[in-house]
Amino acid sequence: MSGVIVTGPPKAELKDVDALAGFGVATVGEAMGRTGLLGPAIRPIQQGVRVAGTAVTVLSWPGDNLMIHAAVEQCGEGDILVVTTTSPSTDGMFGELFATALRRRGVRGLITNAGIRDTQELRDMDFPAWSRAVSAQGTVKATGGSVNVPVAIDGRLIRPGDVILADDDGVVVVPRERARATAEASEAREAKEARSRAAFLDGELGLDRYGLRDTLKRLGVEYKTYDEYVGEPSEEHVGESS
């Protein structure tokens with residue numbers, strides 16, 4: 001497998017990245033029209049952490065972390081390393097030593113479609129990571145790959161410089177051109193949710209606030225008293241002979 005290391009790709013502006021960091025993954029995904037989310041199998045090794053950064057992408061051979069070493073050189077302040085493999089792999093491709101080198105360069109975290117190890121050490125040093133697997137199985141450094149090329153995780157395209165936002169709920173990708181607009185849409189959505197939250201605290205029901213009573217009626221959902229309900233034949237007995 002040959003490869004390429006692309007230097008100096010375009011990136012979202014850090015002010016827009018940091019603005020997105022103020023919102024949760026669910027909010028940002030909804031603000032983009034329920035797009036950009038990676039699958040639920042990519043899970044955090046820690047809890048209560050949210051990070052946002054610009055993607056430095058790595059495409060590696062399974063069980064081989066050579067290209068992560070190459071990617072470290074391309075990482076800088078505000079980046080998040082995104083690692084995937086050419087075929088499924090759960091080997092522990094990333095650990096404490098990589099995190100130490102990346103932290104020195106201002107990298108904010110790791111997203112990988114493969115495995116990681118040294119998870120306790122990563123938590124102790126406050127280096128956040130999201131992965132498909134946790135495995136002590138080590139890797140080799142023998143096969144070429146690519147850095148800063150478009151990659152796909154769970155069918156979601158990730159380009160170098162796109163915004164990665166990750167928290168306890170998962171990971172979302174924001175195309176670099178849409179970073180500012182998505183931050184603005186997320187802010188508007190949070191303001192709307194704040195108004196709803198205040199209304200719910202005041203006792204209003206979602207059925208009324210969102211106009212859902214008409215939806216129930218349109219779908220044929222009926223209200224019945226308990227006596228009306230229990231006085232009818234149950235569905236499982238309808239059609240049975242007496």
Side-chain angles (χ1 to χ4, degrees), residues 5-46 48-59 68 71-84 94 98-99 102-103 105-114 116 126-132 146-193:
I5 299 172
V6 179
T7 63
K11 297 182 178 183
E13 293 190 28
L14 274 182
K15 64 179 182 179
D16 298 326
V17 175
D18 291 340
L20 284 166
F23 308 104
V25 165
T27 295
V28 171
E30 293 282 352
M32 286 199 299
R34 298 183 181 179
T35 63
L37 296 171
L38 302 192
I42 308 296
R43 302 302 305 151
I45 64 165
Q46 67 285 311
V49 174
R50 181 190 298 159
V51 296
T54 46
V56 171
T57 61
V58 180
L59 180 62
I68 300 180
V72 171
E73 183 181 24
Q74 304 305 316
C75 290
E77 186 68 37
D79 287 333
I80 289 180
L81 190 65
V82 178
V83 179
T84 189
F94 185 95
F98 272 136
L102 291 174
R103 173 60 57 79
R105 303 180 77 85
V107 174
R108 296 176 175 179
L110 168 83
I111 311 295
T112 180
N113 199 28
I116 60 176
D126 295 324
F127 188 89
W130 286 254
S131 70
R132 186 173 297 275
S146 294
V147 175
N148 278 334
V149 299
V151 298
I153 294 180
D154 294 338
R156 184 65 57 192
L157 177 68
I158 305 170
R159 302 168 305 164
D162 284 347
V163 182
I164 303 294
L165 176 68
D167 62 17
D168 290 348
D169 290 338
V171 183
V172 66
V173 182
V174 180
R176 55 183 182 254
E177 303 91 345
R178 298 179 59 187
R180 179 174 300 179
T182 300
E184 293 171 352
S186 298
E187 184 176 9
R189 182 175 179 82
E190 278 219 336
K192 180 181 178 181
E193 290 185 347

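Just so it is clear, the values below take in all heavy atoms, side chains as well, and ignore hydrogens, waters and symmetry mates.
- Of all heavy-atom pairs spanning Arg103 and Pro128, the tightest one is NH2-CD, 4.3 Å.
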Does Glu13 form a side chain to side chain contact (heavy atoms under 4.5 Å, CB included) with Arg176? I'd like the steps, not just the answer.
CA-CA 8 Å; Glu13 293 190 28; Arg176 55 183 182 254; over 6 Å; no
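- Applying the side-chain contact (heavy atoms from CB on, under 4.5 Å) test between Leu102 and each of Leu81, Val56, Asp79, Leu110 identifies Leu81 as the sole match.
- Side-chain contact between Val51 and Ile80: present, with at least one pair of heavy atoms (C-beta onward) separated by less than 4.5 Å.
- No side-chain donor-acceptor contact under 3.5 Å links Thr182 to the backbone of Ala179.
- With values rounded to the nearest 0.5 angstrom, Ile111 atom CD1 is found 12.0 Å from Arg132 atom CZ.
- Closest of all the heavy-atom pairs between Asp162 and Pro175 is OD1-CA, 3.5 Å.
- The shortest heavy-atom contact between Ile42 and Trp130 is CG2-CB, 3.9 Å.
- The backbone N or O of Pro160 lies less than 3.5 Å from no partner atom in the side chain of Asn148, so there is not a single donor-acceptor pair.
- No donor-acceptor pair closer than 3.5 Å links the side chain of Arg105 to the backbone N or O of Gln74.
- The shortest heavy-atom contact between Leu165 and Ala21 is CD1-CA, 4.1 Å.
- In this structure, the side chain of Arg43 engages the main chain of Asp168 through a donor-acceptor pair within 3.5 Å.
- Remark: the backbone N or O of Val83 is paired with a side-chain donor or acceptor of Thr112 at under 3.5 angstrom.
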Could you walk me through whether Val149 and Val6 pass side chain to side chain contact (heavy atoms under 4.5 Å, CB included), step by step?
CA-CA 7 Å; Val149 299; Val6 179; 4.1 Å; yes
Could you give me the CA-CA distance, side-chain angles and deciding distance for Val172 and Leu38, then say whether side chain to side chain contact (heavy atoms under 4.5 Å, CB included) is met?
CA-CA 6 Å; Val172 66; Leu38 302 192; over 6 Å; no
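- For the pair Glu193/Glu30, no side-chain contact is recorded, criterion being any heavy-atom separation below 4.5 Å from C-beta on.
- For the pair Val82/Ile153, a side-chain contact is recorded, criterion being any heavy-atom separation below 4.5 Å from C-beta on.
- A donor-acceptor pair under 3.5 Å links the side-chain atoms of Gln46 to the main chain of Ala129, judged by distance alone.
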Assess the residue pair Glu190 and Phe23 against the criterion (side chain to side chain contact (heavy atoms under 4.5 Å, CB included)); give the C-alpha distance rounded to whole Å, side-chain angles, the decisive distance to 0.1 Å, and a yes or no.
CA-CA 8 Å; Glu190 278 219 336; Phe23 308 104; 3.5 Å; yes
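- A heavy-atom distance below 4.5 Å is not found between the side chains of Phe127 and Arg108.
- Salt bridge absent: Asp18 and Lys15 never bring a charged side-chain N and a carboxylate O closer than 4.0 Å.
- No side-chain heavy atom of Met32 sits less than 4.5 Å from a side-chain heavy atom of Ser186.
- Here the options are Ile116, Val107, Val72, the test is side-chain contact (heavy atoms from CB on, under 4.5 Å), and the partner is Phe98; only Val72 passes.
- In this structure, Arg159 and Thr57 have side chains that are not in contact, with every pair of non-hydrogen atoms separated by 4.5 Å or more.
- Atom OG1 of Thr35 is separated from atom CZ of Arg178 by 5.5 Å, given to the nearest 0.5 angstrom.
- Looking at Thr54 and Val17, their side chains come closer than 4.5 Å, going by heavy atoms from C-beta outward.
- Using a 4.5 Å heavy-atom threshold, the side chains of Val171 and Ile164 count as touching.
- No donor-acceptor pair under 3.5 Å is formed between the side chain of Arg189 and the backbone N or O of Val28.
- In this structure, the side chain of Asp154 does not engage the main chain of Arg156 through any donor-acceptor pair within 3.5 Å.
- Residue Thr27 holds its OG1 atom at 12.0 Å from CD of Glu187, rounded to the nearest 0.5 Å.
- Minimum heavy-atom separation, Phe94 to Ile68: CD1-CG2, 4.5 Å.
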